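One-based numbering, in listed order, for ligands and for the atoms of each. Being a predicted model, the structure only gives us computed values, none of them experimental.
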Amino acid sequence: MTHSGLTNLVLIGFMGAGKSTVARICARRLGMTLCDTDHILETRFQASITQVFAQLGEKEFRRQETNLVQELSTGSRQVIATGGGVVMNPMNVAALRATGLVILLNADTDTIVERVRHQTHRPLLMGVTDLPTHIASLLAQRTPAYREAAHCTVEIRGLTAAESAANVINLFKTISGEGK
Ligand code: S3P
C-alpha cells in the first residue's frame with residue numbers, strides 16, 4: 001500500500017491517546033512543522049479550549065476547527081495533531097486525507113481513563129462522575145469514524161509516547177515514502 005504525495009502526517013484518536021505529545025516527537029525527528037489544532041485555536045482565541053467552549057459554545061468551536069483543518073490541509077510537511085472530535089465531520093476527514101497520511105492512535109477505555117483521570121482541561125469530560133462509563137460510551141460512538149478516517153493504526157496500549165512515535169514514524173516512512 002503506497003500513498004505517495006501525502007506529505008502531511010495527521011494524528012487522530014480519542015482524548016488522552018497522546019496525539020499532541022507523539023506529534024511533537026514525530027515533528028522533531030522528521031524535521032517537519034508541528035501543527036496542533038487545539039493549541040493553534042487557543043492562540044487564536046487567546047483562551048483555553050474550555051473557555052472557548054464556555055464562551056462561544058461547541059458549535060462555534062467546531063466551525064473554527066473545520067476552518068483550521070481546511071487551512072492546514074493546503075500545507076505540506078506538517079505533523080498535524082487533531083482534537084479528538086475532528087473525525088466526526090466528514091469534511092474534516094476528506095481535507096486531512098487529501099494531503100496527509102492519517103494515523104489513528106488507538107487506545108482502549110482503561111488506558112484513556114487512566115490518562116485523563118487527573119486532567120481538568122477537557123470540556124467534554126468536565127463534571128462527569130462515572131468517567132469509565134462515559135468514556136466507554138463516547139469511544140464506542142466514535143470508533144467507527146476513527147477507523148474509517150485512518151489510513152492505518154498504532155495501538156498505544158502499554159507503549160510510551162516515544163515508542164508510539166517510533167511506530168508512527170515507521171508507518172509514515174514506509175507508506176507515504178516521505179521523511180526518508
Ligand atoms: C475534543 C477533544 C479535545 C478538544 C476538545 C474536544 C473531543 O482534544 O479538541 O476538548 O471532542 O474529543 P484532545 O483530543 O486533544 O483532548
Chi angles and distances behind the side chain to side chain donor-acceptor pair (under 3.5 Å) call for Thr153, Asn106: CA-CA 7 Å; Thr153 299; Asn106 194 49; over 6 Å; no
Heavy-atom side-chain proximity of Leu139 to Thr143 below 4.5 angstrom: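 Yes, their side chains come closer than 4.5 Å.
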Those protein residues which place at least one heavy atom below 4.0 Å from ligand 1: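 Residues Met15, Lys19, Asp38, Ile49, Phe61, Arg62, Gly83, Gly84, Gly85, Arg122, Pro123, Leu124, Arg142 each place a heavy atom under 4.0 Å from ligand 1, listed by chain and number.
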Thr99 (side chain) donor-acceptor with Thr74 (main chain) under 3.5 angstrom: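 Checking the backbone N and O of Thr74 against the side chain of Thr99, no donor-acceptor pair under 3.5 Å is found.
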N/O donor-acceptor pair under 3.5 Å between Glu163 side chain and Thr160 backbone: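 Yes; judged by distance alone, with no hydrogens or angles, the pair exists.
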Verify same cluster id: Ile12, Leu9 (apolar side-chain graph, 4.5 Å):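 Different clusters.
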Sidechain N-carboxylate O distance under 4.0 Å for Glu148, Arg142: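 Not counted as a salt bridge, because no side-chain N and carboxylate O are separated by less than 4.0 Å.
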